[in-house]
Chemist: 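Here it is, the structure in full.
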Amino acid sequence: MAESTTSSPDSGLRARLRRGTGELARFGTVGAFAYVLDVGLFNLLVHAGDPGLLYNQPLRAKVIATICATLFAYFANRQWTWRDRERRGFVREYGLFFGLNLVGLAITLVPLAISRYVLDLSSALADNISANIIGVAFGTAFRFWAYRRWVFTTSKD
């Protein structure tokens with residue numbers, strides 16, 4: 001029996017997977033740049049100098065660094081990662097994006113707070129592992145899911 005040239009449910013699934021893979025790759029690229037901005041600024045604030053400007057306030061430094069990275073990430077994701085998704089109004093979209101980033105930031109701060117204030121670890125290595133590896137990994141997983149679900153919601157066809 002010859003294969004049908006009509007569209008099958010299988011081809012729709014493949015198209016969705018391709019689109020999803022592209023979104024994930026673009027999200028990852030934006031995230032990599034935002035990550036460099038976040039980690040670099042955090043380390044400048046906490047560990048550059050002897051001691052760093054915010055050495056005794058690492059949570060504050062992480063908040064400042066994350067806000068800067070979030071501003072970059074919103075505009076890069078809106079203009080590139082999810083450019084084909086409908087806009088639902090800047091105030092609504094940006095408000096949701098920023099609100100979800102606050103949740104992501106809280107997720108990121110937990111390992112840093114545990115490392116600094118429970119385990120009493122304050123080295124650059126301990127701060128970077130807790131905040132910029134463990135915290136960012138959990139925060140990023142939450143952000144990808146949340147952006148796709150609530151911020152950049154529908155595709156234009």
Chemist: Say whether, by atom type as modelled, one donor and one acceptor occur between the side chain of Thr66 and the main chain of Lys62 under 3.5 angstrom.
Modeler: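 Checked: pair present.
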Chemist: Please report the closest heavy-atom contact between Gly139 and Thr108, naming both atoms and the distance.
Modeler: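 That closest heavy-atom pairing would be CA-OG1, 4.2 Å.
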Chemist: When rounded to the nearest 0.5 angstrom, what is the spacing between CZ in Arg116 and OG in Ser130?
Modeler: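 Reported to 0.5 Å precision, the distance equals 8.5 Å.
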Chemist: Taking the inter-plane angle between the rings of Phe142 and Trp145 on a 0 to 90° scale, is it parallel (under 30°), tilted (30 to 60°) or perpendicular (over 60°)?
Modeler: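 Tilted: the ring planes of Phe142 and Trp145 meet at 30° to 60°.
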Chemist: So, using side-chain contact (heavy atoms from CB on, under 4.5 Å) as the criterion, who are the partners of Leu53 when residues are at least two apart?
Modeler: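 Leu53: side-chain contact (heavy atoms from CB on, under 4.5 Å) contacts with Leu45.
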Chemist: Hey, are the side chains of Arg143 and Asn101 touching, using non-hydrogen atoms and a 4.5 Å cut-off?
Modeler: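 Answer yes - side chains close enough.
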Chemist: Say you draw a straight line from CG of Leu125 to NE2 of His47; how long is it, rounded to the nearest 0.5 Å?
Modeler: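 Rounded to the nearest 0.5 Å, the CG-NE2 separation comes to 9.5 Å.
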Chemist: Evaluate the side chain to side chain contact (heavy atoms under 4.5 Å, CB included) criterion for residues Val46 and Asn56: first the C-alpha distance (whole Å), next the side-chain angles of each, then the deciding distance (0.1 Å), finally the verdict.
Modeler: CA-CA 8 Å; Val46 177; Asn56 290 323; over 6 Å; no
Chemist: If you apply the rule side chain to side chain contact (heavy atoms under 4.5 Å, CB included), what do you find for Thr81 with Leu24, and how did you get there?
Modeler: CA-CA 8 Å; Thr81 305; Leu24 185 58; over 6 Å; no
Chemist: Taking the six-membered ring where the residue is Trp, are the ring centres of Phe98 and Tyr74 under 6.0 Å apart?
Modeler: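 No: the rings miss the under 6.0 Å criterion.
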Chemist: Would Tyr94 end up clustered with Leu100 when hydrophobic side chains under 4.5 Å apart are linked, directly or stepwise?
Modeler: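 They do share one cluster, since a chain of ILVMFWY contacts under 4.5 Å joins Tyr94 to Leu100.
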Chemist: Taking all atoms of both residues into account, what is the closest heavy-atom pair of Leu44 and Ala48, and its distance?
Modeler: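 Leu44 and Ala48 have their closest heavy atoms at O-CB, 3.2 Å.
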Chemist: Are Ile134 and Ile114 joined in one hydrophobic group, where the rule is that I, L, V, M, F, W and Y side chains link up if heavy atoms are under 4.5 Å apart?
Modeler: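 Shared cluster, no.
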Chemist: Evaluate the side chain to side chain contact (heavy atoms under 4.5 Å, CB included) criterion for residues Phe42 and Asp127: first the C-alpha distance (whole Å), next the side-chain angles of each, then the deciding distance (0.1 Å), finally the verdict.
Modeler: CA-CA 10 Å; Phe42 172 77; Asp127 283 350; 4.0 Å; yes
Chemist: Any chain of hydrophobic side-chain contacts (each under 4.5 Å) joining Leu102 to Val110?
Modeler: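 No, Leu102 does not connect to Val110 through the hydrophobic network.
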Chemist: Heavy atoms only: give me the nearest Leu112-Pro58 pair and the separation to one decimal.
Modeler: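 The pair with the smallest heavy-atom distance is CD2-O, 3.8 Å.
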Chemist: Could you verify whether a donor N or O on one side chain and an acceptor N or O on the other, from Tyr35 and Thr140, lie under 3.5 Å apart?
Modeler: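 No - no donor-acceptor pair under 3.5 Å links their side chains.
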Chemist: Any idea which heavy atoms bring Ile107 and Pro111 closest together, and the distance?
Modeler: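 Closest heavy-atom pair between Ile107 and Pro111: O-CD, 3.2 Å.
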Chemist: Are Phe27 and Phe72 connected in the hydrophobic side-chain network, where two residues link if heavy atoms are under 4.5 Å apart?
Modeler: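 The answer is no; the residues belong to distinct hydrophobic clusters.
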Chemist: Just checking, Arg26 and Phe144: is the charged tip under 6.0 Å from the six-membered ring centre and within 45° of the axis?
Modeler: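 Cation-pi check for Arg26 and Phe144: fails.
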Chemist: A side-chain contact here means heavy atoms from C-beta on lying under 4.5 Å apart; do Tyr117 and Ser122 qualify?
Modeler: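 The answer is no, as the side chains (C-beta and beyond) never meet within the 4.5 Å cut-off.
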Chemist: Quick check on Phe138: does its CZ atom have over 12 non-hydrogen neighbours (other residues, nucleotides or ligands) under 6.0 Å away?
Modeler: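 It does not: Phe138 CZ has 12 such atoms or fewer within range.
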Chemist: Looking at every heavy atom in both Leu41 and Cys68, which two are closest together, and how far apart are they?
Modeler: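 In terms of heavy atoms, the two residues are closest at CD2-SG, 3.7 Å.
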Chemist: Taking atom CG of Leu121 and atom CD1 of Ile129, what is their separation to the nearest 0.5 Å?
Modeler: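 That separation rounds to 9.5 Å.
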Chemist: Determine whether the side chains of Asn132 and Asp38 contain a donor N or O and an acceptor N or O closer than 3.5 Å.
Modeler: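 Checked: Asn132/Asp38 side chains show no N/O donor-acceptor pair below 3.5 Å.
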Chemist: Working to the nearest 0.5 Å, report the span between OG1 of Thr70 and CG of Asn77.
Modeler: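 One finds 10.5 Å between OG1 of Thr70 and CG of Asn77.
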Chemist: Report yes or no: do Leu59 and Leu119 belong to one cluster of Ile/Leu/Val/Met/Phe/Trp/Tyr joined by side chain heavy-atom distances under 4.5 Å?
Modeler: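 No, no single cluster joins them.
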